[in-house]
Protein chains: 2
Amino acid sequence: MTQQKPVRIVDVARAAGVSVATVSRTLSNPQVVNEATRQTVFEAIRSTGYRVNRAARNLRMQRAGAVLVMVPDLGNPFFSQVLAGISAGFAESDHAVLIADTAGQDAGAIVDHYFRDGRIDGLICLDAGIRAEDLARLAAQGIGDRIVFACEWIEGTGFASVRCDNEGGARLAMEYLHGLGHRAIAHLTGPAGNVLTHVRRAAMQAERRRLDLPARPEWIIRGDFSLASGEAAARQILAMDHRPTAVFCASDMGAFGLIAGLIEGGLRVPQDISVIGFDDIELAGHFLPSLTTIRQDRRRIGETAAELLRARLDRADSRPLPENRLRRIGVELMLRGSTGPAPRSIS
Amino acid sequence: MTQQKPVRIVDVARAAGVSVATVSRTLSNPQVVNEATRQTVFEAIRSTGYRVNRAARNLRMQRAGAVLVMVPDLGNPFFSQVLAGISAGFAESDHAVLIADTAGQDAGAIVDHYFRDGRIDGLICLDAGIRAEDLARLAAQGIGDRIVFACEWIEGTGFASVRCDNEGGARLAMEYLHGLGHRAIAHLTGPAGNVLTHVRRAAMQAERRRLDLPARPEWIIRGDFSLASGEAAARQILAMDHRPTAVFCASDMGAFGLIAGLIEGGLRVPQDISVIGFDDIELAGHFLPSLTTIRQDRRRIGETAAELLRARLDRADSRPLPENRLRRIGVELMLRGSTGPAPRSIS
DNA sequence: ATGATGCATGTAATCGTTTACAAAGCGACT
DNA sequence: AGTCGCTTTGTAAACGATTACATGCATCAT
């Protein structure tokens, strides 16, 4: 019941009959110590139950032993999968994983503080909402290559980044709808200013041009990845003179809201209108109707980001290897129940 | 572009023309230093851009400056909300928030290592799957009161705990269904061995007895909080000779799967059978039909857990205040579309 | 015998703080 | 004047590891 005092390295040294230096070396650089001594030391470590004090090691080695994951909204289930991947990717490493929610706070300042406090060695950023000047400051401090963006990224900067193949996803969706006979295809976008919004919409439009499909301004419907924005979009569509026969949504959540709204408005999905999402969140397969969508492996994005950052942290300061800046994780079309052949034209 | 070396406390001392002790005191104990000196020091801190090195401070103060959140499955959106609350609760503190996914690993060992490595000062545990002997070891090390369980807990131990009012939730659900005329009420449970499974089922059964409702063994359907288990439960119900007219599910995910399965099997929800969930996850209001459920404020559970742990960390070692061990967060019945009056009896 | 070489280990400085203790300055009181 | 008390500040010893450097000892060529 009483607080037992922790074992220090000198206790191990005493138990093994060697100096602290030898114990330390046995732990960090085993091959330089004599086989017999090594065994003695390991035995002493085992019998004393020694564990190295991280604060001391970190202070001496001038490192933090931790990385930070900045999440725009921890409550959003989308990110939890990425987080799980990151956590798994660092499980074997001796870096701890810190999290911070940027919600409503100045992301740049937070990151700057964590770094300058010596609390973190690196950063995985799921939030591209950092101001350019903050980034410049970070890069100027020479820590630019210990930052990895995941899912989102910032155009025109040299930071490492892991993302899914957004363009490929949009292409898959459009080709598939086209193959089903759809010509009038609308797009429900993400929030304004978001890089994913931009890229997915641009790819969708490029593909529409390539397939020589008709375009109407009102068929690009502004959303924000949320359920509510999908429901709002449904109302807009219901009110249109020229309704699309299919909608490609930039997110599953938006697609869910859209479907709910359309059905409430009296349309049948997919008989009257097809809907396709993006993400493939867990519920997509169980929604009614189940959702055809572009699957991005969020867990793998997280794992890959962890891998990338670890590689950058491990090489300490040996200059080379600024390659491998961008990793694209493949996407997959998940065929389900929310899409079907285009209805016969009413015109 | 060049790595600029960090400002140390001696740099500030030099800039202010005082000793390092004075600078340190100004930061940690301002009222003991003279007003004028204090101003000078603050100015020096500002002009040098000094930030205290956490590793050094932690080493000297024998603390870690961090807490750990153990999550059974980071990928599960249920926990991400709790995590968001915890993160918010520690935003103002100077404790960093570490996360670890216990998936497939020995939770007890992980916790023990984090503590003994001096990496954490406290723990919030969302996973009650720790072995009793590990807990005993932790308690023996005198850190028992720096552990807070959230959502789940372990019966018969003295650890602090934050949870929703599970019994009240079950009661609300049963009373409501009873009021709608339902008599044959089934229950879809959580996974075996889980404390939430046990408590919710026990409360449901107690309420059923109190309301003098009929009981049948097959109306207690084993689930595991997952979509798939809900779908399996639907198949069981469809095959029953005496079908219940309502099902109280221990989780929303289970309820979603159940509804999907029932509808697929030709039943109408809620006309033929009512379904009520537990949790109120975001999608509950947007599912088709929308899900009547017991809302538990997961974010607030997280915030409260953070609050409790902070209080325990702050009081350092002053013995008192082992009170306030248990906090129950209230639940709320969310009336939606998956429940309706009991169908007229067929018998 | 002597010096060079190499391996294994020990000694002690160092990382950047906090804080116990000592000391200095200044009134006030006897 | 001497003593005491109080406030404010400085000096230096921790905290617990890592590692540059020194040392000791064996081996081997000259």
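This is a predicted model, so every value here is computed, not measured. What's counted below: heavy atoms across the whole structure, side chains too, no hydrogens, waters or symmetry copies. Sequence lines set the chain letters: A, B, ... in the order given, protein chains first and strands last, and positions in each chain run from 1.
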Any ion pair linking [Y] and [X] (charged N to carboxylate O, less than 4.0 Å)?
X         : Y         : result
Arg300(A) : Glu303(A) : no
Glu43(B)  : Arg46(B)  : yes
Asp145(A) : Arg312(A) : no

Specify the separation, in whole Å, of atom [atom1] of [X] and atom [atom2] of [N].
X         : N       : atom1 : atom2 : result
Arg57(A)  : dT19(D) : CZ    : C1'   : 13 Å
Arg63(A)  : dA17(D) : CZ    : P     : 15 Å
Asn34(A)  : dC25(D) : CG    : P     : 16 Å
Asn29(B)  : dT19(C) : CG    : P     : 9 Å
Arg25(B)  : dA20(C) : CZ    : P     : 10 Å
Arg119(B) : dG16(D) : CZ    : P     : 18 Å
Arg8(A)   : dA14(D) : CZ    : P     : 12 Å
Asp117(A) : dT17(C) : CG    : C1'   : 13 Å

Just N and O in the side chain of [X]: are any of them under 4.0 Å from OP1 or OP2 of [N]?
X        : N       : result
Thr37(A) : dA8(C)  : no
Gln62(A) : dG16(C) : yes
Ser24(A) : dT19(D) : no
Arg60(A) : dT14(C) : no
Thr22(B) : dT8(D)  : no

Of residues 42-54 of chain A, the positions that come close to DNA chain C - non-hydrogen atoms, cut-off under 4.0 Å: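 Under 4.0 Å from DNA chain C: no residue of residues 42-54 of chain A.
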Selection: residues 9-19 of chain B, any non-hydrogen atom under 4.0 Å of DNA chain C: Ile9(B)
Residue whose closest nucleotide on DNA chain D lies nearer the 5' end, Ala56(A) versus Arg38(B):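 Final value for this comparison: Arg38(B).
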Main-chain N/O of Asp121(A) paired to Arg146(A) side chain as donor or acceptor, under 3.5 Å: yes
Whether Arg25(B) side chain and Val33(B) backbone form a donor-acceptor pair below 3.5 Å: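 No, Arg25(B) side chain to Val33(B) backbone: no donor-acceptor pair under 3.5 Å.
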Say you draw a straight line from [atom1] of [X] to [atom2] of [Y]; how long is it, rounded to the nearest 0.5 Å?
X         : Y        : atom1 : atom2 : answer
Ile86(A)  : Leu74(B) : CD1   : CG    : 10.0 Å
Gln31(B)  : Thr26(B) : CD    : OG1   : 10.5 Å
Asp101(A) : Asn76(A) : CG    : CG    : 10.0 Å

Of Leu309(A), Val97(A), Ile120(A), the residue whose pairing with Val69(A) passes side chain to side chain contact (heavy atoms under 4.5 Å, CB included):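 For Val69(A), the side chain to side chain contact (heavy atoms under 4.5 Å, CB included) test succeeds with only one of Leu309(A), Val97(A), Ile120(A), which is Val97(A).
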Sugar-phosphate only, base, or nothing, as touched by Ser28(A) at under 4.0 Å among non-hydrogen atoms: nothing
Trace of the side-chain hydrogen bond (donor to acceptor under 3.5 Å, both in side chains) decision for Asp11(A) with Thr48(A): CA-CA 8 Å; Asp11(A) 302 319; Thr48(A) 54; over 6 Å; no
Minimum-distance nucleotide to Ala21(A) side chain [options: dA8(C), dG10(C), dG16(C)]: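 In terms of side-chain proximity for Ala21(A), the closest of dA8(C), dG10(C), dG16(C) is dG10(C).
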Among dT18(C), dG16(C), dC21(C), the one nearest Met61(B) by side-chain distance: dT18(C)
